[in-house]
Amino acid sequence: MKKFLTAAMALTIAASAGAAVAQPHSDHHRAKAEQRYDRDVRKAERKYDRNVRKAEHHYRAAAYHRPPGYAYRHWNRGDRLPPAYRAERYRINNYSAYRLPPPPRGYYYTRVDNDVVLTAAATGLIASVIVGLFQ
């Protein structure tokens, strides 16, 4: 009889331990996971914002007409700007009027739709993008 009671007690303890493990995570664990996710998203956005950032000020400028045969496109750092966009009519020479820092030697600012891209003069490689500078 003693062995039976010991076995029954052991079985009861084992069953209750399994039930405790099977309980769903508390809200505390879910909140921690959400905080970790939000932190990772903010970190990724900061890394993205170094090269592509939103304009702090918006300016009105002359009417803009993109080169024939081209449609709107979102440009990113590392993209190559087509030669049609590198024409003199798309360059921004009065960058100080738009509160832009002087471009580094060998680069110039180019207006592409309502955005401004810092472009390498020799290759057309985009170094950075300012989204929505123009209205």
| query | Can you find a pair of side-chain heavy atoms, one from Val116 and one from Tyr98, that are under 4.5 Å apart? | reply | no
Tightest non-hydrogen contact, residues Pro101 and Tyr109, listed as O-OH, 2.7 Å
Residue pairs meeting salt bridge (charged side-chain N to carboxylate O under 4.0 Å, His left out), one or both in residues 79-90, sequence neighbours left out, come to Arg73-Asp79, Glu88-Arg91
Between the OG1 atom in Thr123 and the CG atom in Leu81, the distance rounded to the nearest 0.5 Å is 10.0 Å
Scanning both residues in full, the closest heavy-atom pair of Tyr95 with Pro102 reads CE1-CA, 3.4 Å
In short, Leu118 meets Pro103 closest at the heavy-atom pair CD1-CB, 3.8 Å
Same apolar cluster (I L V M F W Y, side chains within < 4.5 Å links), Leu125/Tyr70: no
When every non-hydrogen atom of Val112 is compared with those of Val117, the smallest separation belongs to CG2-CG2, 3.9 Å
Closest non-hydrogen atoms of Tyr85 and Pro67, given as atom of the first, atom of the second and distance, are CE2-CD, 3.4 Å
To the nearest 0.5 Å, atom CD1 of Ile92 lies from atom CZ of Phe134 at 4.0 Å
Contacts satisfying salt bridge (charged side-chain N to carboxylate O under 4.0 Å, His left out) that involve residues 110-125 (not counting sequence neighbours) are Arg66-Asp113
Closest heavy-atom pair, Ala84 versus Tyr90, reported as atoms and distance to 0.1 Å, is O-CE1, 3.4 Å
One should read off an interatomic distance between Leu133 CG and Leu100 CG, to the nearest 0.5 angstrom, of 6.0 Å
Exercise. Do Tyr108 and Asn93 have side-chain heavy atoms sitting under 4.5 Å apart?
Worked result: no
